[in-house]
Peer 1: 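Here it is, the structure in full.
Within every chain, numbering begins at 1; the chains are lettered A, B, ... in the order of the sequence lines, protein sequences first and strands thereafter.
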There are 2 protein chains.
Amino acid sequence: MRSDVKPDRRSRDNARVTITDLSQALSLTKGTVSRALNGYPDISETTRIRVIRAAQAMGYRPLSQAQAIKTGRSCSLGLVIELSEHDAHAPFLAEFLAGLTQAASAEGWTLTIATSESEGDTLRIMRDLILHRKADGFILPRVLWDDPRIAFLDRENAPYICYGRSKNHAETSYFDALSEASMAEAVTWLAQLGHERIAYIGSASHYAYSHLRRDGYRAGLEQEGLVFDPALMIEEVLDPEEAAKATRQVLAMARPPTAILCATDTLARGVYDVAHEMGLKIGSDLSVIGYDGSPEAQAMWPRLATFAVDNRKAGAALGAMLMARVRDLNAPLQQDLIAAEFRPGGSTGRPDKTPEELAHHVIRLSVDRSRND
Amino acid sequence: MRSDVKPDRRSRDNARVTITDLSQALSLTKGTVSRALNGYPDISETTRIRVIRAAQAMGYRPLSQAQAIKTGRSCSLGLVIELSEHDAHAPFLAEFLAGLTQAASAEGWTLTIATSESEGDTLRIMRDLILHRKADGFILPRVLWDDPRIAFLDRENAPYICYGRSKNHAETSYFDALSEASMAEAVTWLAQLGHERIAYIGSASHYAYSHLRRDGYRAGLEQEGLVFDPALMIEEVLDPEEAAKATRQVLAMARPPTAILCATDTLARGVYDVAHEMGLKIGSDLSVIGYDGSPEAQAMWPRLATFAVDNRKAGAALGAMLMARVRDLNAPLQQDLIAAEFRPGGSTGRPDKTPEELAHHVIRLSVDRSRND
DNA sequence: CGCATTGCCGAAACCGGTTTCGGAGTTTCT
DNA sequence: AGAAACTCCGAAACCGGTTTCGGCAATGCG
């Protein structure tokens with residue numbers, strides 16, 4: 001009876017093939033096998049091929065943890081999500097993660113995720129992740145115009161890739177959507193429908209994209225030969241409530257805008273709220289365009305016209321860029337841009353009133369409502 | 001000139017304190033230090049305290065990668081997201097991750113995330129993550145009624161916690177929202193407003209929660225003394241489009257429902273679409289209630305009444321449960337339930353028509369519209 | 001008081017890899 | 001032909017931990 005050879009152990013331990021298994025099968029030392037696989041020059045080409053063949057045949061893949069303690073690299077990408085603005089992350093997070101993990105796992109890497117409560121927290125966490133080799137580098141989502149993470153990681157000499165273009169984007173590796181072009185495109189779309197007064201509701205200026213989108217709006221106006229009215233541009237708008245306030249403000253003008261362009265879909269919600277509250281019909285009385293292509297846009301009625309960013313592709317690109325950067329921190333910077341796709345919706349249409357008529361309409365509706373109270 | 005002692009290295013290497021540093025400072029061997037910290041019984045209490053004190057003072061924290069190669073544990077939680085249904089994940093993902101990572105990092109653990117394209121893919125990936133010690137156990141989101149992941153992980157003898165109650169939930173550790181209670185609560189809410197015919201649009205029955213919510217709907221009817229009409233219950237509805245179809249179907253009845261209860265907010269979108277298309281006013285002609293508390297619900301007009309699940313809390317609980325389970329796979333099962341919070345919205349109100357009147361109204365509206373064409 | 005326990009720690013092997021060093025065998029050059 | 005230079009691989013140290021084993025000193029017991 002020799003059947004009691006720990007059959008329980010076998011099922012799990014036998015599964016992984018280690019470098020020692022491989023070296024024994026090849027009658028080489030594990031040092032040689034390691035060098036062969038890692039491209040050291042002091043291994044003959046014939047041996048190298050023999051080793052690689054056997055490694056594939058036996059299904060050998062080094063344990064990244066074991067590698068990490070000597071090399072310092074754990075083959076994992078870091079992503080720290082700042083919760084204070086999680087709302088801003090929610091819509092695109094799933095697709096984004098999909099892209100990232102797809103790129104990572106294609107090369108046997110993994111994604112390590114952490115969340116933080118504040119800016120300082122984020123830096124602490126990133127340092128900790130690097131120190132404990134839970135991450136070799138970082139993807140920086142929602143890049144700020146003047147982002148402390150960039151300065152920090154530069155100082156720490158850690159690899160990173162920005163999702164977005166910061167103030168100094170020329171000196172960083174980044175991936176970004178051409179949102180300025182989208183904003184200009186939106187203006188063109190509205191102008192061709194016949195809109196002449198187009199308002200812009202922009203988000204907090206510490207976000208890098210705010211600058212770009214605002215500039216895109218202005219570029220679009222110029223391109224279409226429309227005059228820029230500073231009163232129609234409201235920035236530093238953080239959430240739907242503030243967007244609603246901004247909407248009321250521009251609709252109270254003597255010559256209100258017949259269309260409102262929003263830096264994000266979330267802000268557009270505020271515009272819708274005011275329209276519903278006032279009784280304005282979106283798509284005829286007032287046209288609206290957002291940006292992000294979020295699920296929210298799908299839930300609004302009429303459908304919000306918006307620009308859909310392929311966040312999965314963005315994640316995949318960022319992951320690949322970061323891995324390259326981890327492998328060689330001195331490689332030339334990588335910078336890539338992608339265009340967002342316009343997704344029309346019922347929220348835009350020909351203006352059925354001039355600005356002056358719209359102003360009267362707004363007043364009449366407000367009188368009606370106060371009479372009902 | 002002794003200044004060339006690699007000052008660059010120091011800045012990074014000095015940062016981590018290893019067990020060797022600690023043992024030298026204490027004049028002990030690293031073996032002793034390790035046993036002291038890991039609670040071996042052959043260490044005197046005085047030494048143990050001395051070691052723990054010094055470890056804290058020097059800020060020592062073991063490198064989990066180094067531990068992993070010997071112990072097989074990497075102190076990381078695994079989460080595999082199935083992309084084929086990423087839509088279902090998107091809304092609550094950010095909050096959920098927040099809770100998970102918060103629980104994890106509180107104990108120095110991390111979260112490893114992967115995505116998969118299919119069911120078989122998921123199993124492969126989980127095996128791989130365990131084999132390569134990227135994850136010590138798994139959180140299973142969106143548990144299915146008969147979930148292959150459970151059978152698989154049982155077979156692999158790997159720790160896991162379910163988010164949701166499967167068919168055999170009595171034999172698993174789980175965390176879940178009491179969505180059946182919420183559905184009953186929704187029926188009560190509607191019944192007290194005066195609704196007597198309440199339809200139910202349910203999701204795919206392979207999801208564990210579908211069964212619970214449907215049962216909750218029926219329990220609610222019974223509790224309120226309302227008759228159950230099978231024609232008012234439509235299940236296996238996957239997306240807003242199908243929900244729209246279901247809505248048209250029930251509204252075409254001779255005695256249509258004056259309220260529709262949806263298993264998810266996303267399905268409620270389909271109801272809204274049909275209402276808008278037909279010209280029905282939500283909140284008076286037709287009341288709607290959803291479930292999930294997603295951002296979509298906030299974007300609808302009037303606001304969708306829904307049940308908000310605290311996904312952050314869920315994530316935190318699941319993380320803690322999984323860590324406990326990894327530490328001791330033989331510990332008793334942990335099972336916990338949480339109540340979702342009802343979030344009223346303008347989508348419900350007293351029915352201003354009887355079912356018969358509503359049927360006539362629907363017909364009249366449809367005639368009007370066809371006349372306009 | 002002597003002997004068997006017990007408590008407590010050091011020494012060393014080990015985990016699965018990487019990297020340095022040195023030397024045996026071949027080739028090249030004079 | 002002999003020295004120098006290469007090629008290529010084995011041996012062994014190393015990374016930062018964990019775990020087994022063995023032994024010394026202090027204790028318990030008769």
Peer 1: For B/Arg133 and C/dG16, what is the distance between atoms CZ and C1' respectively, to the nearest whole Å?
Peer 2: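 Rounding to the nearest Å, CZ of B/Arg133 and C1' of C/dG16 are 9 Å apart.
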
Peer 1: Go through A/Glu119 and A/Leu144 one step at a time and tell me if the side chain to side chain contact (heavy atoms under 4.5 Å, CB included) criterion holds.
Peer 2: CA-CA 11 Å; A/Glu119 197 171 282; A/Leu144 306 184; 4.2 Å; yes

Peer 1: In terms of the angle between their ring planes, are B/Phe96 and B/Tyr163 parallel, tilted or perpendicular, with boundaries placed at 30° and 60°?
Peer 2: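 Judged by the thresholds at 30° and 60°, the geometry between B/Phe96 and B/Tyr163 is parallel.
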
Peer 1: Using atom CD of B/Gln24 as one end and atom P of D/dG17 as the other, report the distance to the nearest whole Å.
Peer 2: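 Computing the B/Gln24:CD to D/dG17:P distance gives 13 Å.
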
Peer 1: After noting the C-alpha distance and the side-chain angles of B/Arg73 and B/Asp136, does the key distance pass the salt bridge (charged side-chain N to carboxylate O under 4.0 Å, His left out) rule?
Peer 2: CA-CA 6 Å; B/Arg73 269 199 223 144; B/Asp136 298 327; 5.8 Å; no

Peer 1: Specify the separation, in whole Å, of atom CZ of A/Arg50 and atom P of D/dC9.
Peer 2: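 Whole-Å distance recorded here is 8 Å.
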
Peer 1: May I ask you to decide if B/Ala170's main-chain N or O and B/Gln335's side chain share a donor-acceptor pair within less than 3.5 Å?
Peer 2: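 Here the side-chain-to-backbone pair exists.
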
Peer 1: Over how many whole Å does the gap from B/Leu37 atom CG to D/dT18 atom C1' extend?
Peer 2: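 It works out to 12 Å between those atoms.
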
Peer 1: Counting any heavy atom closer than 4.0 Å, what does A/Thr46 reach on the DNA or RNA strands: base, sugar-phosphate only, or nothing?
Peer 2: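 No contact.
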
Peer 1: If you only use heavy atoms from C-beta on, which nucleotide in D/dG17, C/dG17, C/dA11 is closest to the side chain of B/Thr18?
Peer 2: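 From the listed options, D/dG17 comes nearest.
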
Peer 1: Find the distance A/Ile43:CD1 to D/dC8:C1' and express it as a whole number of Å.
Peer 2: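 Answer to the nearest Å: 7 Å.
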
Peer 1: Does B/Arg48 put a side-chain nitrogen or oxygen below 4.0 Å from OP1 or OP2 of C/dG7?
Peer 2: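 Checking B/Arg48 against C/dG7: no side-chain N or O falls below 4.0 Å of OP1 or OP2.
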
Peer 1: Taking B/Ser23's backbone N and O only, do any of them form a donor-acceptor pair with B/Ser27's side chain (distance below 3.5 Å, no angle check)?
Peer 2: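 Not at all, since once roles are kept as given, no pair shorter than 3.5 Å links the two residues.
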
Peer 1: D/dC9, OP1 or OP2 - any side-chain N/O from A/Thr47 closer than 4.0 Å?
Peer 2: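 True: A/Thr47 side-chain N/O within range (under 4.0 Å) of D/dC9 OP1/OP2.
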
Peer 1: Atom NE2 of A/His132 and atom P of D/dG16: how far apart are they, to the nearest Å?
Peer 2: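 Result: 12 Å.
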
Peer 1: Taking N or O atoms only and anything under 3.5 Å, show me the protein contacts with nucleotides 26-28 of chain D, one pair per line.
Peer 2:
none

Peer 1: Using 0.5 Å steps for rounding, measure from the CG atom of B/Leu77 to the CD1 atom of B/Ile139.
Peer 2: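 One gets 6.0 Å once the value is rounded to the nearest 0.5 Å.
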
Peer 1: Kindly say if B/Arg16 contacts the phosphate of D/dG17, meaning a side-chain N or O under 4.0 Å from OP1 or OP2.
Peer 2: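 Answer is yes, contact under 4.0 Å.
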
Peer 1: Dump the intermediate steps for side chain to side chain contact (heavy atoms under 4.5 Å, CB included) on A/Ile125 and B/Ser105, then the final yes or no.
Peer 2: CA-CA 9 Å; A/Ile125 289 177; B/Ser105 68; over 6 Å; no

Peer 1: Assign each of B/Ser44 and B/Ala66 to its nearest nucleotide of DNA chain C by heavy atoms, then name whichever residue's nucleotide is nearer the 5' end.
Peer 2: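 Looking at the nearest nucleotide for each, B/Ser44 comes out on the 5' side.
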
Peer 1: In whole angstrom, what separates A/Ile69's CD1 from D/dA13's P?
Peer 2: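 Distance, rounded to whole Å: 17 Å.
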
Peer 1: Taking 4.0 Å as the cut-off, does a side-chain nitrogen or oxygen of B/Tyr60 come that near to OP1 or OP2 on D/dG16?
Peer 2: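 Checking B/Tyr60 against D/dG16: no side-chain N or O falls below 4.0 Å of OP1 or OP2.
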
Peer 1: Whole-Å distance between C/dC15 P and B/Arg73 CZ?
Peer 2: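 Those two atoms, CZ and P, are 19 Å apart.
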
Peer 1: Rounded to the nearest 0.5 Å, what separates atom CD1 in B/Ile19 from atom CZ in B/Arg61?
Peer 2: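 Going from the CD1 atom of B/Ile19 to the CZ atom of B/Arg61 covers 14.5 Å.
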
Peer 1: Could you tell me whether B/Ser64 contacts a base, only the sugar-phosphate backbone, or nothing, with contacts defined as non-hydrogen atoms closer than 4.0 Å?
Peer 2: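 Nothing, no heavy atom under 4.0 Å.
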
Peer 1: For D/dT18, take OP1 and OP2 only and decide whether either is under 4.0 Å from a side-chain N or O of B/Gln67.
Peer 2: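 For D/dT18, OP1 or OP2 has a side-chain N or O of B/Gln67 closer than 4.0 Å.
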
Peer 1: Given A/Leu79, which partner from the list A/Leu100, A/Thr112, A/Leu129 fulfils the side-chain contact (heavy atoms from CB on, under 4.5 Å) test?
Peer 2: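 Passing option: A/Leu100.
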
Peer 1: Provide a list of protein-nucleic acid N or O atom pairs under 3.5 angstrom, restricted to nucleotides 19-22 of chain C.
Peer 2:
from, atom 1, to, atom 2, distance (Å)
C/dT19, OP2, A/Tyr40, OH, 2.7
C/dT19, O5', A/Tyr40, OH, 3.2
C/dT20, O4, A/Arg35, NH1, 2.9

Peer 1: What closest approach, in Å, do B/Glu156 and B/Arg127 show between heavy atoms, and which atom pair accounts for it?
Peer 2: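 Between these two residues, the closest heavy atoms are OE2-NH2, 3.2 Å.
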
